[in-house]
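Inspection log for the structure reproduced underneath, given as structure tokens.
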Amino acid sequence: MSSPFNRSLFAQMPPSIVITEPVPRWKVWALYSLKVSALLLLCLLSFYAGMRFERQPQPGAALQTPAPSGAAREAAAQEPMPAAAPQAEAPAADPLLPQALEGLQIQSLNVARDRGQPGELVYEFVVANEGRSFEGNFEFLVLGVQDGRTVQWVFPSESQRGNGTYRLRVARYLKMNGRIQLPPGLTPQAVALSLREPAGLRASRGLVLPQ
């Protein structure tokens, strides 16, 4: 037998079973369609991203050029090779322009006709050196006219260079003078002085003679 106390306790306790209303069928289909659409959209986006990645060239990948076919190679071999363009010749250096190498330079050069001795030139030049010592020969290139033709004549000749008269040694400074005996019939118009070592030209300077 239940006591009045137990009956009052059960009467105060709320029921444990809650009955909810059923979800409408259209709402269930709407939620299902929304989930399927979202899944399809995600798949499409993933497929599109993969296609874009494959089309882009990968860094460091070399582009390969397809090899020409046999017919293309034969046609290329039969075509005449284009003629090479002619190369322009380098202009000759002007012997009258001053040149200096490794600190050696001809500071001054004076050349004049000797009025008392026709067919001779008198010269004087000053050499300054701020580099290594110079030890070599000096020579003159005389530009002029002989028998109606333009000629170039070198002084001293090879036979005259052997006696050591035209050999120089310059440490820092040197002043030199002398005379040039011209060949018969040569009318000088310009003179260039060159200082040469066994390795080649070290310094040069030229001038035009007054007429």
Side-chain angles (χ1 to χ4, degrees), residues 62 65 73 75-211:
T65 304
R73 287 196 297 268
Q78 294 176 0
E79 291 182 358
M81 297 296 293
Q87 297 181 355
E89 295 183 358
D94 190 347
L96 302 182
L97 294 179
Q99 299 185 42
L101 183 64
E102 299 182 10
L104 183 71
Q105 63 175 338
I106 303 173
Q107 279 192 341
S108 64
L109 172 64
N110 296 312
V111 181
R113 296 181 179 88
D114 189 349
R115 301 299 180 182
Q117 296 290 336
E120 290 188 5
L121 299 175
V122 292
Y123 63 84
E124 180 181 274
F125 61 87
V126 175
V127 180
N129 187 21
E130 297 180 356
R132 61 179 176 83
S133 299
F134 170 80
E135 187 170 356
N137 297 322
F138 73 93
E139 66 179 28
F140 289 93
L141 175 65
V142 180
L143 310 176
V145 177
Q146 187 178 32
D147 298 331
R149 298 179 303 172
T150 301
V151 297
Q152 298 182 1
W153 179 71
V154 178
F155 175 84
S157 62
E158 293 184 3
S159 60
Q160 293 173 316
R161 297 174 194 173
N163 56 16
T165 305
Y166 303 97
R167 188 168 183 82
L168 297 178
R169 178 179 173 82
V170 183
R172 287 292 176 264
Y173 179 86
L174 178 68
K175 185 175 182 180
M176 192 81 175
N177 58 67
R179 308 178 70 87
I180 301 174
Q181 178 66 48
L182 300 174
L186 175 60
T187 302
Q189 296 178 336
V191 177
L193 170 63
S194 300
L195 304 182
R196 297 184 180 276
E197 293 176 322
L201 180 67
R202 180 90 179 268
S204 67
R205 183 167 184 163
L207 57 84
V208 177
L209 297 176
Q211 300 299 322

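Start at 1 with the first residue, then count along the sequence.
Taking both residues in full, the closest heavy atoms of Pro198 and Glu135 are given as CD-O, 4.1 Å, listed atom of the first, atom of the second, then distance. Residues Gly206 and Leu109 come closest through the heavy atom pair CA-CD2, 4.2 Å. Between Ala171 and Asn129, the closest heavy-atom pair is O-ND2, 3.1 Å. Looking at every heavy atom in both residues, Ala203 comes nearest to Gln105 through CB-CA, 4.3 Å.
The CG atom of Leu174 lies 9.0 Å from the CZ atom of Phe138; values are rounded to the nearest 0.5 Å. Expressed to the nearest 0.5 Å, how far CG of Leu168 lies from CD of Glu197 amounts to 11.0 Å. A distance of 10.5 Å separates OG of Ser204 from CD of Glu139, quoted to the nearest 0.5 Å. Rounding to the nearest 0.5 Å places CG of Leu104 at 6.0 Å from CZ of Phe134. Rounded to the nearest 0.5 Å, atoms CG (Asn177) and CG (Asn110) are 11.0 Å apart.
Counting heavy atoms from C-beta on, the side chains of Thr165 and Gln160 never come closer than 4.5 Å. In this structure, the side chains of Leu195 and Ile106 come closer than 4.5 Å at one or more pairs of heavy atoms. Met176 has its side chain out of reach of Val127: every pair of non-hydrogen atoms, C-beta onward, lies at least 4.5 Å apart. Inter-residue side-chain proximity for Leu121 and Leu182 is flagged as met; some heavy-atom pair is nearer than 4.5 Å. With contacts defined as side-chain heavy-atom distances shorter than 4.5 Å, the pair Gln189/Leu143 does not qualify. A 4.5 Å side-chain heavy-atom check between Tyr173 and Val126 finds at least one atom pair inside the cut-off.
Note on ring orientation: taking the six-membered ring where Trp is involved, the planes of Tyr123 and Phe140 are tilted (angle from 30° to 60°).
For Glu102 (side chain) and Ser133 (main-chain N/O), no donor-acceptor pair under 3.5 Å exists by modelled atom type. Asp147 places no side-chain N or O within 3.5 Å of a backbone atom of Arg149 that could act as its donor or acceptor partner. Side-chain N or O atoms of Arg113 include one that pairs as donor or acceptor with a backbone N or O of Pro210 at under 3.5 Å. Under a 3.5 Å cut-off, the side chain of Arg202 and the backbone N or O of Ser194 do not form any donor-acceptor pair. Not a single donor-acceptor pair under 3.5 Å links the side chain of Arg205 to the backbone N or O of Leu193.
Applying the 6.0 Å contact sphere to CZ of Arg115 captures no more than 12 heavy atoms from other residues, nucleotides or ligands.
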_Trace of the side-chain contact (heavy atoms from CB on, under 4.5 Å) decision for Val151 with Leu186_ = CA-CA 8 Å; Val151 297; Leu186 175 60; 3.4 Å; yes

